[in-house]
S.K.: 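A single structure is presented below for examination.
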Amino acid sequence: MKRLLRKICLVALVLGLFSESALANYGEALNYYRANRLYEAAGLFFQAKELAQTTAEKRAAEWYLADCLQRIGFLYSASKYYTLIVRRGYESNNPYFRRALEELGRINNSVSLGQSQIVELFKANVDPSAIPGAARGFYFYYLGVEQYSQGKFKAARNYFDKVPPGSSYASGAEFHLGVIANLAGRHSEAITNFKRVRERIAGDENRQLLWEMATMNLARVHYEIRRFPEALSYYGEIPRDSDNWLDALWEASWAYFMIQKHNNTLGVIHTLHSPFFDNRFYPESYILQSITFLRLCRYEEAKGSLKDFQKRYKDTLSSARELVRSFNNDSDGFFRLIYDYRTGTLNRFQKASEILDRVSRSDAYREAADTIRFATIELNQLGSKGRAWSSSGLQSELKDFLNAKKKAAAEDAGTRMYKAADGYYDYLKDLDNQSGLVLSEILLENINKLRKQINVESAASRKQFIGGLQELKLGETLEYWPFLPNEYWEDELGYYVYNLASRCDEGGKSNDK
Amino acid sequence: MLAVTIPAGSLIADDEFDDYEVRVIRPKYFQKSGRFELGAQFNAIMNQTFIYTYLVSGLMTYHFNEAFGIEASGAYGFSIDKSDKETLFDQFDIRTQIVRTEYAMEAALQWTPIYGKWQLPSGQLIYFDTFLAFGGGLTGVYWDYKDFCVRVSKDGSSQNLTKVPANKTSTYPDVLVGLGQRYFVSKDVSVKWDIRHHTIFYDSADAACDPTAGVSGGDTHYNVTLQVGASKFF
């Protein structure tokens, strides 16, 4: 009995001490906070959050902890606690909900939180009227993105429409509205959306990627509605130093083909096949080159293109097959593979480097690499500056969170990139089959049948184009540079125009057959 | 690497590059057509044995098109004696008749047949053109008769050898031919250099120490100038 009483007294004493300690921590933390000694304050708020007896104090300690972390530059770490607050939903005993949501929106503008964290964030069922004005853009934009990624375009559109025009998420929302409009066949509306995006962010270097994507999409919509010269004009706006430039060139080569500007098509492909872009993945360009030669009744060259395709991609195909087999269900390993490729330390799958390169330029890799970079910076800072937090347990909690964030980013990106790589492998297989079929048809001399299958139009073919996806303007002074075999100049890429006459007679038959 | 510029509109008729299967066709990087070029240059006369002559010149060129332009220029400067001149006087009694160019006002037709580019090891490109100039104008020559009419002794006193006329500046017609290059540092600014050969037709009497000796007739003097400067296009 005495023993029991002693135990009870001991427990009461410990609880009392903890409670007292928690109160002391919270008060002391506030003092440090007011004195702008945020490192010390964060450690103490963390303790107070763990030990506080009242919910109000716990909530306040949690809020101040997040605020301290944000102010000393631990943005991801701060987002952990803001996320906890937001996920609790808008309730009377969660007074920091609105402010936490606003701060998350701000953090996401500086360092992307990543789709997985945001999806978790918005699982809480929240009355939209409870969303504060400053966070409405962030909130509705990501709800829209989530619906969009599930193919629920109508719901996505409703959310994107609710993003306030003054929000930093408005341009992204407008962009998605354009994509949805185009998918629904409302091309004029899509064009208006993409034009608005361009106008809104013109000259903003931080939004250059979005500007380029809006421009690419304007070109694609025009292509889709067969306004090929307009499409070319938009493709021509993509800057040469952009990662999207080669894509713009490649898509433009089809636009040229459709308006029978075959010398321009071949000129663009000449750039894609230059040694500068040995590692870039445009296998279909050989097929387009071949059918362009067919249009010009240059059968030997057409056969040559297909043989070049088979020569270039024979090993790629087998290496890609091995690649997709090796990393099936190993998204983390695939991410590491792509990371090694980007850092130049990969010594496997060299024959599949074009596919690896293509995948490594994807949004998935870029976003994950950013997340990992920012998380690593915070982890390093934790090692050097966060020692004061080790006794409180804050350091170890943040370490776990940041490492988990890195892992989730890598796995998510790995899954998306693997899916893309698998798609590229299938695409290459299809092209390989197509090249074989076209070659057989040529060899069997079923040329006219093939040529008839290539449906092009001549409506816009009166226009003339020079290099660089530019229309010829009257009065403009041009410069000509001859291309000598294997003499590629970097500044000339994208400006090549072939000088080949058609060998077809009026009946479409070859003169050289 | 060199290229020829072709005005747009002649794209179809262009036969300059018919032999090339693949060509680069693009708007010319640096366009001069219909533009004024204003510039300044530092000139040095390179072919003088006994003096150094330096001039500063200003120029204005109107480019009718990419190939042809007309240039007006004015230069003014000074000459410095070389030590060789005194040595010849003192040790060998050789009097050197010196044409001291003081100024020049000239006009020239420019023909630019070559447009090219260099690539630096860094990958940076530099566009240039090469032009020829043909023209003429007026050159002002300062006659310092002490140069060849007075012997200066070592102790500083001088002895008149003839009745020396007063120093003067006379203006004579000249013709010029030149070759130069412009390196385009931007779409409006170029750095340029020229080498020009000027033939100056002067009166022999002006070069005589004794104006009463009845020396008359024409003579020629040649200046070869190296000009380095910059110009801006408007």
S.K.: Within this structure, what is the NZ-OH distance for the pair B:Lys28 and A:Tyr480, rounded to the nearest 0.5 Å?
M.R.: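 With rounding to 0.5 Å, NZ (B:Lys28) is 14.0 Å from OH (A:Tyr480).
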
S.K.: Would the number of heavy atoms belonging to other residues, nucleotides or ligands and lying under 6.0 Å from NZ of B:Lys232 be above 12?
M.R.: yes

S.K.: Who pairs with A:Arg280 by salt bridge (Lys or Arg N to Asp or Glu O under 4.0 Å), at least two apart in sequence or on another chain?
M.R.: A:Asp357

S.K.: Answer yes or no: are there more than 12 heavy-atom neighbours, outside A:Asn486 itself, under 6.0 Å from its atom CG?
M.R.: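 Open.
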
S.K.: Go through the structure and list residues passing salt bridge (Lys or Arg N to Asp or Glu O under 4.0 Å) with A:Glu490, not counting sequence neighbours.
M.R.: none

S.K.: For atom CZ of A:Arg227, decide whether the heavy atoms of other residues, nucleotides or ligands shown that lie under 6.0 angstrom number more than 12.
M.R.: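 Open: at most 12 neighbouring heavy atoms sit under 6.0 Å from CZ of A:Arg227.
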
S.K.: Determine, for A:Glu492 against B:Lys117, whether the closest basic-nitrogen to carboxylate-oxygen distance falls under 4.0 angstrom.
M.R.: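 Salt bridge present between A:Glu492 and B:Lys117.
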
S.K.: For B:Gln119, which atoms come within 4.5 Å of any heavy atom of chain A: side chain, backbone, both, or neither?
M.R.: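 For B:Gln119, backbone and side chain are both near chain A.
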
S.K.: Over all heavy atoms of both residues, which pair between B:Arg26 and A:Ile466 is shortest? Give the atoms and the distance, please.
M.R.: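 Residues B:Arg26 and A:Ile466, closest heavy atoms: CA-CD1, 4.0 Å.
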
S.K.: Which residue out of B:Val22, B:Asn65, B:Leu125 racks up the most heavy-atom pairs below 4.5 Å with chain A?
M.R.: B:Val22

S.K.: Does B:Tyr52 OH have over 12 foreign heavy atoms under 6.0 Å away?
M.R.: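 Atom OH in B:Tyr52 is not packed in, count stays at 12 or less.
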
S.K.: Could you measure the distance from the OH atom of B:Tyr20 to the CH2 atom of A:Trp481? Nearest 0.5 Å is fine.
M.R.: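 Between atom OH of B:Tyr20 and atom CH2 of A:Trp481 there are 12.5 Å.
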
S.K.: How many angstroms lie between CG in A:Leu478 and CZ in B:Arg23, if you round to the nearest 0.5 Å?
M.R.: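 One finds 10.5 Å between CG of A:Leu478 and CZ of B:Arg23.
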
S.K.: Report which part of B:Tyr127 has an atom under 4.5 Å of a heavy atom belonging to chain A: side chain, backbone, both, or neither.
M.R.: side chain

